[in-house]
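What you see is a predicted model; the values in this text were computed from it and never measured.
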Amino acid sequence: MEMRETSRSRSPGTHFVDIHEVREEEEDDEDEEGDKPTKMSEKQDKRFKKLPTKIREIRRPDFNRQVSLETGFSALNGEKNTEMKTLPRSGKSFGGFGTAHRIGGAEGKKGDFNIFRTKSSLVRQSSKLPLRKESGITDGQFNNDLSGGLIDKSDNKSVPAGRYFAALTGPELDQVKESEDILLPKDEKWPFLLRFPIGCFGICLGLSSQAILWRSLATSPATKFLHITPSINLSIWLLALSVLIAVSITYALKCAFYFEAVKREYFHPVRVNFFFAPWIVCMFLAIGAPPSIAPETLHPSIWCAFMGPIVFLDLKIYGQWLSGGKRRLCKVANPSSHLSVVGNFVGAILAARVGWHEAGKFLWAIGFAHYLVVFVTLYQRLPTSEALPKELHPVYSMFIATPAAASIAWGAIYGEFDGLSRTCFFIALFLYCSLIVRINFFRGFRFSVAWWSYTFPMTTASIATIKYAEQAPSVISKGLALTLSFMSSTMVSILFVSTLLHAFVWHTLFPNDLAIAITKRRQGKEKKPFKKAYDIRRWTKQSPLSLVPGMGKHNNPADRDTEAG
């Protein structure tokens with residue numbers, strides 16, 4: 001294009017610029033653009049130098065053609081065959097800096113769920129993208145999503161435990177604070193696998209423990225007068241097995257397609273305890289198997305297969321508690337920590353069923369030692385130091401499960417419900433009563449998967465009560481066993497129907513899992529570090545004595561002698 005100065009008779013003191021296309025010069029510029037890229041800038045400089053100085057006085061030139069900034073931005077990125085686009089006058093178009101290119105913005109993360117996919121898919125995507133050396137950004141630092149945005153890979157790494165406690169609330173840490181921003185959109189429904197948490201294995205815990213309860217009701221001498229048919233145990237066992245298969249397949253698909261999200265759940269200080277749940281459920285099914293399917297004495301390979309992962313998780317979790325690092329017990333203790341302890345007691349019960357009593361004693365000792373530590377830590381305070389929302393109150397029932405499972409395990413190993421078994425049972429019974437009397441504590445909130453935390457501890461306490469009624473038969477013990485069993489079975493039935501309705505009818509069972517989408521570091525301005533009150537230098541600066549001029553000099557004996565001389 002060429003710019004020429006013209007004057008019109010309407011305003012003799014004003015100059016106008018007429019900008020129009022000159023095809024010959026444009027063709028010459030396009031031919032020389034590939035061989036000599038610097039000629040374009042040199043020609044433009046010469047043209048502007050030839051213009052008279054009066055052009056600067058022009059305020060409103062008439063442009064016959066307007067080029068979009070997106071075209072220039074695409075040419076800067078090295079794209080070829082770009083079409084000229086007209087820039088609209090709405091003021092919202094800004095070329096390559098659209099909503100998809102805003103790093104860290106809420107709109108830039110819309111629909112970008114690839115950051116939680118497996119590494120193999122991320123590597124295939126990033127390998128096809130060119131390096132951006134001009135801006136100093138390489139593919140090793142950023143990963144392009146499907147919409148063309150740039151996502152910081154450091155936000156997708158494992159989040160430290162302290163970051164979860166700072167960004168989330170509640171003992172299960174599944175509610176994001178209002179001041180936090182997450183990596184995924186809040187107003188968009190996520191894929192189903194991303195919304196499927198590891199806590200769904202709590203449903204399997206409730207159903208499989210019911211299979212053990214109804215097996216005990218059908219075979220225990222204390223409840224023989226009820227004449228309960230073993231077919232109930234068989235039907236519940238098959239239902240629990242089918243639910244376990246369905247949940248396991250779904251979570252296995254999540255591991256295959258969204259392994260980064262699974263890693264985040266594993267590094268979560270609360271959800272890491274639910275990785276014990278699948279193996280505990282398998283041991284529950286082995287213990288509660290109907291007599292028509294499984295023999296009374298099981299094969300030891302079953303115990304080895306189900307107990308191996310629990311031992312591995314014990315070494316990792318208990319090692320972190322013992323080493324005193326960032327995941328020490330005083331920082332990550334929460335009611336779900338009882339699951340890691342319950343696994344040892346359930347393993348001790350299964351060891352007694354397979355005939356390995358010494359292995360059962362070993363697991364019982366490990367579980368009881370860590371139960372005492374967890375119980376004392378949780379009884380003092382919760383690590384969040386905040387009032388718990390009503391939706392998370394069911395997790396308090398986890399306090400009942402561990403002592404009840406310890407009493408059953410001790411009776412299974414030694415063959416009788418002796419003094420130590422009764423001691424653990426009485427602890428569980430007292431904690432049970434202390435939670436039942438607080439009716440307002442467990443009502444007035446909406447249904448969620450966390451409600452299944454009621455079922456497993458209630459069922460375990462019911463089984464322990466049946467064992468106690470066998471050793472101390474009386475009207476009170478038998479009536480207590482029937483009452484607790486009826487309460488646990490009723491709770492499981494209500495929750496199972498509610499779960500089916502919310503999952504398949506209302507489609508509200510799995511909301512967006514905001515807990516796994518928090519950033520590794522707090523976005524926005526960082527808070528200034530808190531100055532310790534006992535900092536002596538800070539105290540001396542703010543001390544009233546420092547406000548008095550010359551106070552330090554008069555307190556020095558050498559200065560006094562100098563002034564006296």
Side-chain angles (χ1 to χ4, degrees), residues 171-172 197-217 232-233 235-244 246-247 270 273-274 276-285 287-288 335-339 341-343 345-346 349 390-405 408 428-429 431-436 438-439 441-443 445-466 480-503 509:
E172 286 193 351
I198 185 68
C200 291
F201 282 99
I203 303 175
C204 305
L205 283 173
L207 294 176
S208 59
S209 59
Q210 280 290 307
I212 302 177
L213 173 62
W214 284 95
R215 188 178 191 275
S216 300
L217 290 173
I232 301 178
N233 167 239
S235 59
I236 296 177
W237 188 86
L238 293 175
L239 176 63
L241 180 62
S242 60
V243 173
L244 175 62
V247 174
V270 175
N273 299 300
F274 283 91
F276 290 87
W279 315 108
I280 296 176
V281 173
C282 292
M283 290 190 292
F284 274 165
L285 293 177
I287 296 171
S336 64
S337 300
H338 288 289
L339 278 176
V341 182
V342 169
F345 293 131
V346 178
I349 298 173
K390 288 185 177 181
E391 288 79 5
L392 301 175
H393 284 173
V395 296
Y396 274 112
S397 59
M398 288 288 184
F399 281 91
I400 308 171
T402 309
I408 299 173
L429 186 62
L431 294 174
Y432 201 130
C433 296
S434 65
L435 293 177
I436 287 179
R438 292 170 173 81
I439 300 177
F441 197 69
F442 297 100
R443 70 178 185 180
F445 48 92
R446 294 176 298 177
F447 177 80
S448 64
V449 181
W451 279 36
W452 282 93
S453 301
Y454 284 130
T455 59
F456 162 56
M458 293 176 64
T459 306
T460 308
S462 302
I463 298 172
T465 308
I466 295 174
L480 184 62
L482 293 178
T483 302
L484 297 182
S485 300
F486 174 77
M487 290 175 58
S488 63
S489 299
T490 304
M491 179 63 68
V492 170
S493 302
I494 295 174
L495 292 183
F496 185 72
V497 174
S498 301
T499 302
L500 294 178
L501 291 176
H502 282 272
L509 184 62

Nearest atoms (heavy-atom pairs only) where [X] meets [Y]:
X: N233; Y: G288; value: ND2-O, 3.3 Å
X: L285; Y: W237; value: O-NE1, 2.8 Å
X: S462; Y: S488; value: OG-OG, 3.6 Å
X: L213; Y: S489; value: CD2-OG, 3.9 Å
X: A461; Y: I400; value: CB-CG2, 3.9 Å
X: A464; Y: A404; value: CB-O, 4.0 Å

If I take atom [atom1] from residue [X] and atom [atom2] from residue [Y], how far apart are they, to the nearest 0.5 angstrom?
X: L480; Y: Y432; atom1: CG; atom2: OH; answer: 9.0 Å
X: Q210; Y: T455; atom1: CD; atom2: OG1; answer: 7.5 Å
X: I287; Y: I463; atom1: CD1; atom2: CD1; answer: 9.0 Å

Kindly say whether L431 contributes a backbone atom to a donor-acceptor pair with the side chain of S434 at under 3.5 angstrom?
->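 Checked: pair present.
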Is any side-chain heavy atom of F201 closer than 4.5 Å to a side-chain heavy atom of L244?
->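 A side-chain contact under 4.5 Å exists here.
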Side chain to side chain donor-acceptor pair (under 3.5 Å) partners for S208, two or more places apart |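 Once residues adjacent in sequence are excluded, S208 has no partner under the side chain to side chain donor-acceptor pair (under 3.5 Å) criterion.
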Check against side chain to side chain contact (heavy atoms under 4.5 Å, CB included), F345 and I408 | CA-CA 8 Å; F345 293 131; I408 299 173; over 6 Å; no
In sequence, state the C-alpha distance, the side-chain angles, and the governing distance for M487 and T483, and then conclude on side chain to side chain contact (heavy atoms under 4.5 Å, CB included).
-> CA-CA 6 Å; M487 290 175 58; T483 302; 4.1 Å; yes
By side-chain contact (heavy atoms from CB on, under 4.5 Å), T499 pairs with (sequence neighbours left out) I203, F447, W452, L509
